Each structure stands twice: as C-alpha cells, then as structure tokens.
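Have a look at the structure below, then the notes.
From a predicted model like this one, the values you see are computed outputs, not experimental measurements. These values consider heavy atoms only, across backbone and side chains, with no hydrogens, waters or symmetry-generated copies. Below, read A as the first sequence line, B as the second, and so on, with proteins coming before strands; counting in each chain starts at 1.
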Amino acid sequence: MTPGGMARLVAADLRRHWRHFAMAAVGIVLGVAALAFFLALGLQVRRVLLEQVFPADRLEVAPRSADLDLLAIRLPLGRDALEADDLGRLAEIEGVLAVRPRMRLTVPALAVGGAAVFGAGLQSEVVADGIDPELLSGELGGAFREVSESFVERPCSRDGECGPDAYCAVSAGICRPYLPAVVSPQVVELYNGALRRAYRLPKLNPDAIAGLSFELIIGASSFAPSSTDPLRERVRLVGVSEWAIPLGLSLPLGEVRRANRRLDSPAAGERFHSAILEIASKDALPGVVAAVEASGLEVSDRGAGRAALLTAVITAALALVGVVLVAVSSAHIMHVLWLVVLVRRRELGVLRAVGARRRDIRALLVLEAAVVGAVAGLLGVVAALAAGAAADAFAGARFPDLPFKPDSFFAFEPALLAAVVALAVGACALGALAPARRAAAGDPADALAGR
Amino acid sequence: MTGVRKRYPGSGVEVLRGIDLEVAAGEFASVVGRSGSGKTTLLNLIGGLDTSFEGELEVGGGSLRGLPDAELAAYRNRKVGLVFQDSQLLDHLSCADNVALAAHFDRGGRGDRARLRRRADEVLEAVGLGGAAGRRASTLSGGERQRVALARALFLEPELLLCDEPTGNLDAETGAAVVDLIAGLHAAGRLTVVAATHDDAIAAAGSRVLELRDGVLHEAAREGR
Ligand SMILES: Nc1ncnc2c1ncn2[C@@H]1O[C@H](COP(=O)(O)OP(=O)(O)O)[C@@H](O)[C@H]1O
Ligand SMILES: [Mg+2]
C-alpha cells in the first residue's frame, strides 16, 4: 500500500469511528497520565534524596549479595569479594576520584588486655577489617597509617626504649610498632550503653579513646581452632570514625593484608569485601550510583542508597497502577477493534477486491490503533504535566519552606515522556494484532458478502 | 477455464459442476441463469475473490490456482475491474476517493496525487459523472452509485471487466443507461467483459451469451444484435 493512500484511509476511518476510539482511548490517557506523573515524581524525589538530603562525596560499594537463607544457614550464592579488575572498573567511572578498597580479616582474632582502663583484664573475640589509611587522613591526620613495613626493629629490654609509637616485645627482646586502629561510633555507643552496665565497667569518653591499647592475637580464637603460629600484635586506638567497621576494629589495610596472606592464603590478601569511592561532587553522585549498579555491584552506604531504593520501590508500585491501566486499555482497544472489524467486514472486502493484500489490511488496522495510542499518549502526557504543575502550585502555597523543598516535585524528562507515549502506542498496536489478523483472514468474496 | 467445480463448505450441492469456458480477449460474454444458479460464484472465481475450487482457471495466460496472496492481490488490482450488484462503495469517502481506491494498492505506482486526481475526473467523466468528484458516495442515487463503481473498476485500466448483475438493483431506464455505458466502453477499447445478468438488454449487448444451468454452462443461441 502506498504511504499516502494508507494515510488517507487511516484518517478517513478514524474520523468515522472516532467515538469508538475515543472511548477506548480514555483509559490510555488516564494510564499514561498516571504513569508519567508518578515516574516523574519518583525521579525527582530520588534526585532530591541523593543530591540534597543525603549529599555524600563518598559511597560504599559492595558485591551484590544474592544469598539464600535456608533456615538458619545462609548460602552465599553471589560473589562475596571484589577482585582487582572490579576496582579498576570502579576507578574508571566518571566522577570517581579515588577507590579505597577494604578487606576483612579472614582469620579469627582475640583482643586481650585493657586492665589500665577497665581495672581488669578482658578477653574478647573481635571482628576486624582493613581500610585504606588515606580515607581517614582528613579526620585523623597521620595517626592512622601502616607501620609494620617501614618499622626498623631493634633490640630492647623495656617499653621506654622504643619511642612513643612502639613497645618492647619482651619475649623476643625487640621493639615492635603499635598497630593503629579505629572503631566506629556504634562500638562506643554499644559499650557505653549496654556492655558497660552489664559488666560494671567505667564509661568511655569518645574523645578519650585515643591512646587506649591492648593486645591483639591474630589467628587465635577462644572457640575455633587457633593457628599454630598466631601473630601477636599490640593495638593502639587512634580515634573514632564513621568509616570504621560497624561492630569491630578497623586496622590499616596493609596490616590486614599481611595477616591474611600469612595466616589464611595468598589469595585472601587480594580479595576485598567492599570499596569506598570518593566522588568529585555530589552532582556526580546519581551518575556514579547508576554506573556502579550497572556493573553488577551494589551501593551499600548508609541512608542515601536505602532511601533511594525505597523511593524506587514506591515509584514502581505507583507506576504499576499506570501500567495496569494501559494494559487494560490495550484490552479495551482490542475489544473495540473486534467490533469495528465486524462492522467494516464488507468494506475491508472491497479494499481487498481492488488490490489490498492481507498484510495491507493488517497494517491498516494496526496503524489506526497506533495513531489512537499516540494521540491518547500525548493527551496523557499533557494531563500529567498539568497535574504536576497544579501539585507544585498547591505545594508552593500550602507547605512552609521545607529544608529540602525543590522548585518542582517532578522531573518530567523528555526521555521519560517519550517512553510513556511509546508504551501507549505499543499497547494499542499490540491490542490491534489479533483483530487485524482476523480481519485479513478468509477470501474477499466472503467478506464482501458480509460473512 | 476447464473442469472448474465449486462446492461451498457445509452445503451438500455442488454449485459449479465442471465449467469449461474460454473467453477471447476483447470479447463481451454474458452469463445468464436463474437466481441461485451460481453466476456470482463463477465471477468471484474469475475475479480472484474466491480461491477454493477444483479444476483449472487461467486468466491472461496465468493460472489463479494456488497464487500467493500478494500476487493474487496484484492481479485484482491491475488485471481485473469488478462491478458488483450492490455497488460496494465506501459511503464515507468522496466519489473521487472511491474511484481512486485501487491506486492506493498499486505497487507499480502511478504518479502523484494531482495525476491520480486527474485520472479520477477522467473516469468519472467517462461514466457521465464529471461534476461529482467531491460528493460523498452516501449522497448518490442507485444509478449514480453503479456508475461510480464502474469508474472505480476502470481506474487502473484493467484488461478484464467483471460485472455481476450491474443493473440488478436499478429501474429499467437507469439500467439501460448503465448497459449502454458498458457496451460503449467495450466498443471503445480492447476491454474483455464478462457480465452476469438476467437483464435481456445486457445479454443483447454482448457478443456471446452463456447460460448457467445445473452448474454447467450452455452456449445459448445468439439472439442477434
Ligand atoms: N457462502 C456460501 N455458502 C453456502 N452456499 C452459498 C454461498 N454463496 C452462495 N451459495 C449458494 O450457491 C448457490 C449459487 O449462488 P450464487 O452464485 O450467488 O448464485 P447467483 O449469483 O446466480 O444468484 C446458491 O444456491 C447459494 O445459496
Ligand atoms: Mg448473484
């Protein structure tokens, strides 16, 4: 069929059956409007959350967990480590200034000591990880750094002989450096809030924690088989940091790496359990989040990621309403077209008698439905824009100046609007397929006779 | 056509029971017969509107049997013009649009809109409806409708014109005018005409009269012209 002829026939048919089509299109208009409205709202809320409410220039990234919980046992199905090339890929994301990997201590460890503070010697299992000292250089200056590599050992007989950052390991008779460590505010809170009371220990002031030292036996445990040759280190707390492991002890990355290599396996010294990305600016954050998620990793930071996820879930739920409306309308279009095809049986027979192929008939009907979808989709978009403007005006007049109140609550992206119109067109064309096939079936002689 | 048989599904009787017919190019053959004798059935087969039959059916040297849809559509589009008893116009379109309908499906492509429009005026003129191009088909009288249908059939200059009781719904006078028109067109060109009718006037206009009786064609005695 010639394009011009097709256009003329489609236009004539739509004009003639516009009442039928208008009825079918109402649902499409509503569905598209709801879809565009909620998606634009969700998009904007997510943006505000990420860029204004939880502005961050750092982001923690972890492998996506796909664990399966079976009763009490968790089967780790996903990868649980980042390899070197994962880190390389993260570093290449636009807007990422630096990638700071962290590594878990993969062998058990025991903390022993504390008599000076607590008045009694304590012994506790500890969970530990290693973080890049660069990450804390801003907060703690140079106090949190790798010490073992550069330390020059020398003989001694007592602590005073080894300088301020080292102690005398009496059994070996040499000076050893204190391992600097940081704890999270949660650890301090947990201690002050619960443990302290239960064990009748003195309260700790977060500011006074620095300097506290104790012995850390890496590779030893009070209930698991211990390594034959555990590392005996002395740890000195240098501060409290948000970036420390939530319940445990964070050491400089190099120290944990060394311990894992020696006590676990060489491979354990190459596997990182997460990484912290330093971001150029908060504007780059959404793009970085998207790129991280696209590469199969997960943003596991506190707050922003979770809030963004929640928004996405709510948006999806509301958008579903729109999708269902569009789907129902597609069924409605199909129904209307069944009727139209029956009414127009003779006429379609005439078209075939003068030379229309079956596919011309099918194309004609699908195109008519698609045009209805496009018009309804555009009307729906206009309705959504109007509803959005009305909601913004209402919010502007009613709500006080909220701290994070944006200029508009809606992000009507052109791509979003184009996508919902395309959905409407697609839904209508899809609904037209079956009636169109039916209309083109059989011989023209039957159609002409009205059969 | 040789040995063409046709039985409608679900009906016991065979409507066409071995039709042997040869129509020469340029001939005007009339098919007469009682109502229900199978005239429409026969024309539908020749016109490529009905594809289920037995036997052999050739038009212009090509067989219609088992032709793919696209080729059959092209055959209906370019080779034959069809005029039905009840005109079968699209009422919501203008006369010009009705007449030019076939051009929409002419994949050879016959030029631009202006040219199609000129051709529509030309064929409408030929059937005596020169001024009616812009009128909606629904506003036409019976005789005018049949003439527009004739103009539509002629639009792409077919070799074969099939008319199924073209005057069946018209009064004698209007009918006679349509018959004259068909006879005139036949006389003017190389058009082959097969017309089903029980209108004596058409039968008389034809160069050959065939009677369809009991599913078989009988050559009727010429009644002179
Ligand atoms: N689609 C059909 N199904 C069953 N029988 C049909 C069908 N069309 C026509 N017939 C029957 O075939 C016979 C011939 O019909 P038709 O070709 O229309 O005759 P005519 O045009 O000579 O009046 C009639 O008996 C009619 O009832
Ligand atoms: Mg008939």
*For A:His332, look at atom NE2 and say whether over 12 heavy atoms of other residues, nucleotides or ligands are found less than 6.0 Å away.*
yes

_Basic-acidic side-chain contact under 4.0 Å: B:Asp106, B:Arg78_ = yes

_Contacting moiety of B:Phe84, where chain A heavy atoms sit under 4.5 Å_ = side chain

*Does NZ or CZ of B:Arg65 fall inside the cone over B:Phe53's six-membered ring, less than 6.0 Å from its centre and within 45° of the axis?*
yes

*Give me the contact list for residues 12-22 of chain A versus chain B, heavy atoms only, anything under 4.5 Å, ordered by residue number.*
A:Ala12, A:Asp13, A:Arg16

*Positions in residues 428-448 of chain A that reach chain B, provided some heavy atom is under 4.5 Å away*: A:Asp443, A:Pro444, A:Ala445, A:Leu448

_Separation of B:Leu90 CG from B:Cys95 SG (nearest 0.5 Å)_ = 11.5 Å

_Taking side chain as everything from C-beta outward and backbone as N, CA, C, O, which of these in B:Asp91 sits under 4.5 Å from a heavy atom of chain A? Side chain, backbone, both or neither._
neither

*asked:* Rounded to the nearest 0.5 Å, what separates atom CG in B:Leu45 from atom CZ in B:Arg5?
replied: 13.5 Å

*Closest approach of A:Gly377 and A:Ala424, non-hydrogen atoms and distance?*
CA-CB, 4.0 Å

*With B:Gln85, which of B:Asp164, B:Asn169, B:Thr197 fulfils side-chain hydrogen bond (donor to acceptor under 3.5 Å, both in side chains)?*
B:Asn169

*For B:Glu56 and B:Ser63, does a side-chain donor sit closer than 3.5 Å to a side-chain acceptor?*
yes

*asked:* Closer than 3.5 angstrom, by distance alone: can the side chain of B:Arg17 be matched with the main-chain N or O of B:Gly215 as a donor-acceptor pair?
replied: no

*Considering only heavy atoms, which portion of A:Leu351 lies under 4.5 Å from any heavy atom of chain B: side chain, backbone, both, or neither?*
both

*Given the rule in the salt bridge (charged side-chain N to carboxylate O under 4.0 Å, His left out) test, do A:Asp360 and A:Arg357 qualify, once you have shown the distances and angles that lead to the verdict?*
CA-CA 5 Å; A:Asp360 292 328; A:Arg357 295 169 295 177; 3.2 Å; yes

*Would you mind checking if B:Arg147 and B:Glu144 are paired as a salt bridge, meaning a charged N to carboxylate O distance below 4.0 Å?*
no

*Using 30° and 60° as the class limits, which term best fits the ring planes of B:Phe28 and B:His186: parallel, tilted or perpendicular?*
perpendicular

*With a 4.5 angstrom heavy-atom cut-off, could you sort out which part of B:Asp50 is near chain A: side chain, backbone, both or neither?*
both

_chain B contact via A:Arg8 - side chain, backbone, both or neither, heavy atoms under 4.5 Å_ = side chain

